[in-house]
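First up is the structure itself, then whatever we jot down about it.
Numbering of ligands and ligand atoms starts at 1, following listing order. Just so you know, these numbers use all the heavy atoms, side chains as well, and skip hydrogens, waters and symmetry mates.
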Amino acid sequence: MIKAKLPEYDYDIIIIGGGPAGYTAGIYAARAGLKTLLVEGAATVSQITITDLIENYPGIPEGINGFDLMQLFKNQALKFGLETMAADVTSIKKHNSNTVIWEISLGNKILRALSVIAATGAEWRKLGVPGEEEFAGKGVSYCATCDGPFYREKDVIVVGGGDTALQEALFLTHFAKKVIVVHRRDRLRAADILQKRAAAQKKIEFIWKATLAEVVGGDLVTGVKLTDVESGKTSEIPAEGVFIFVGRIPQTKLFEGVVKLDAVGYIITDDNMQTSAAGIFAAGDCRAKQFRQVITAAGDGANAIYGAELYIAALKGESY
Ligand code: NAP
């Protein structure tokens with residue numbers, strides 16, 4: 001077989017992101033004997049690590065805490081020899097227009113790879129209402145697992161009507177006296193099973209067709225102003241905590257101008273996780289797709305590595 005002569009590079013694959021997609025990619029790449037580095041944000045954490053309970057991940061019928069599940073993924077990847085690094089990637093670009101080498105900048109350090117897996121995930125969306133930023137960490141939170149215990153016997157507001165809002169509202173009932181879910185419609189987006197559990201939980205109340213207009217307080221949050229969607233009238237209700245779960249925004253700034261993104265910024269891929277740029281694959285919540293779950297992120301990670309493996313074999317003249 002004629003082996004192609006490639007320019008110098010550091011890794012076959014660099015995976016960017018340390019969530020379920022990234023670490024599954026890491027397991028598959030390391031096990032396949034590809035020289036692989038996973039870079040995870042120095043200051044950012046995967047959303048899954050702040051998820052209290054995951055009970056739909058196959059094989060774990062009793063459910064598992066998100067942090068613990070992620071630890072299992074990591075240990076499995078490390079067992080196969082995956083290299084990891086805590087650092088923030090600052091740019092991705094081609095070494096020069098005639099090459100197949102991708103340059104990943106980590107501040108002043110540059111690493112070269114044949115293939116890149118984007119597994120950068122998404123972060124919680126903010127509402128941008130008055131008081132939200134001012135009271136962040138002083139009553140406004142995006143993580144019930146982290147902050148729930150501060151609200152023992154207190155009244156809290158949960159904004160949103162999706163799976164996250166209901167799941168976290170249920171978790172908050174372990175601590176809070178009352179959990180008021182504020183949703184902008186009269187119908188929840190959350191899965192039926194969560195809706196039924198929330199309806200049966202006496203500590204949970206719903207305020208329908210209302211939006212959060214303002215978070216109010218002094219040193220700490222004392223309440224919220226809500227706007228009735230139909231009448232437009234605003235009312236104030238007391239609460240000591242405000243948990244906001246209104247969806248996510250993709251963490252894809254790094255890839256702007258490198259690969260094609262959809263209108264809201266998710267990375268567009270084909271069924272094999274191939275993006276518009278040869279050698280770059282995307283997996284998990286940062287990818288344009290219908291269903292964002294740990295299991296779908298993990299599936300994406302495995303598919304992305306298989307795509308990268310075939311791509312690299314072709315580059316090296318080792319296709320079989
Ligand atoms: P989501 O499904 O996008 O739901 C966001 C919720 O916030 C919706 O109810 C939406 O209202 C509301 N919302 C959005 N913007 C708003 C605004 N500006 N003002 C007021 N309300 C606003 O997000 P998610 O709940 O974080 O879930 C994200 C993904 O993770 C989903 O695919 C979900 O299934 C998955 N997930 C699964 C589980 C599980 O399986 N156990 C747990 C958590 C998350 P509308 O309904 O009116 O649009």
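Ranked by closest heavy atom to atom 41 (N) of ligand 1, the top entry among Q167, K289, R184 is Q167. Between atom 26 (O) of ligand 1 and the options T164, T296, I54, N56, the minimum heavy-atom separation is to T164.
Only side-chain heavy atoms of Q293 come within less than 4.0 Å of ligand 1; its backbone N, CA, C and O stay farther off. Heavy atoms of L194 found under 4.0 angstrom from ligand 1: none, in either backbone or side chain. The proximity of L127 to ligand 1, defined as any non-hydrogen pair under 4.0 Å, is limited to the side chain. In R187, neither the side chain nor the backbone holds a heavy atom less than 4.0 Å from any atom of ligand 1.
Of the protein's non-hydrogen atoms, R292 O, 4.3 Å is the one closest to atom 31 (C) of ligand 1. Scanning the protein heavy atoms around atom 46 (O) of ligand 1, the nearest turns out to be R185 NH2, 2.8 Å. For atom 9 (O) of ligand 1, the closest heavy atom belonging to the protein is G161 N, 3.0 Å. Of the protein's non-hydrogen atoms, R189 NE, 3.7 Å is the one closest to atom 8 (C) of ligand 1. Remark: minimum distance from atom 7 (O) of ligand 1 to any protein heavy atom is reached at V246 CA, 3.2 Å. The single protein non-hydrogen atom nearest to atom 23 (O) of ligand 1 is G247 CA, 3.5 Å, given as residue, atom name and distance. Annotation: atom 30 (O) of ligand 1 to nearest protein heavy atom, R248 NH2, 3.2 Å. Nearest to atom 33 (C) of ligand 1 among the protein's heavy atoms is D163 OD2, 3.3 Å.
Using a distance-only test at 3.5 Å, with no hydrogens or angles considered, no donor-acceptor pair links the side chain of T252 to the main chain of I267. T90 contributes a side-chain N or O that, together with a main-chain N or O of G107, makes up a donor-acceptor pair within less than 3.5 Å. T275 places no side-chain N or O within donor-acceptor distance of the main-chain N or O of T269, the cut-off being under 3.5 Å. Judged by distance alone, with hydrogens and angles left aside, the side-chain atoms of R31 form no donor-acceptor pair with the main-chain N or O of A77 at under 3.5 Å. Under the 3.5 Å distance criterion, the side-chain polar atoms of D300 are left unmatched by any main-chain donor or acceptor of M273.
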Counting only pairs under 3.5 Å, give me each side-chain donor-acceptor contact of residues 237-247, with atom names and distances, residues two or more places apart or in other chains.
none

Atom pairs and distances, donor-acceptor, side-chain atoms in residues 224-234, under 3.5 Å, two or more places apart:
residue	atom	partner	partner atom	Å
T227	OG1	T234	OG1	3.3
D228	OD1	E230	N	2.9
D228	OD1	S231	N	2.8
D228	OD1	S231	OG	3.3
E230	OE2	K209	NZ	2.7
S231	OG	K233	N	3.1

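Taking hydrophobic clusters as Ile, Leu, Val, Met, Phe, Trp and Tyr residues chained together by side-chain heavy-atom distances below 4.5 Å, F281 does not share a cluster with I16.
In terms of polar-atom proximity, V159 is not counted as a contact of ligand 1, lacking any N or O under 3.5 Å from an N or O of the ligand. Residue W124 has no N or O atom closer than 3.5 Å to an N or O atom of ligand 1. No N or O atom of Q290 sits closer than 3.5 Å to an N or O atom of ligand 1.
The distance from the CG atom of N303 to the CZ atom of R287 is 8.0 Å, given to the nearest 0.5 Å.
In this structure, T211 does not count as a contact residue of ligand 1, since none of its heavy atoms falls inside 4.0 Å of the ligand.
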Show, in sequence, the C-alpha distance, side-chain angles and deciding distance for E153 and K177, and conclude whether the salt bridge (Lys or Arg N to Asp or Glu O under 4.0 Å) test is met. CA-CA 4 Å; E153 290 308 309; K177 186 162 79 196; 5.9 Å; no

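Counting atoms of ligand 1 from 1 in the listed order, those under 4.0 Å from a heavy atom of F245 are 7 (O). The contact set between ligand 1 and H183, taken as ligand atoms under 4.0 Å from a residue heavy atom, comprises 9 (O), 11 (O), 45 (P), 46 (O), 47 (O).
Ring geometry, H174 versus F171: the interplanar angle exceeds 60°, so the pair is classed perpendicular (tilted spans 30 to 60°).
Cation-pi contact between K94 and W102: present, with separation from the ring centre below 6.0 Å and deviation from the ring axis of at most 45°.
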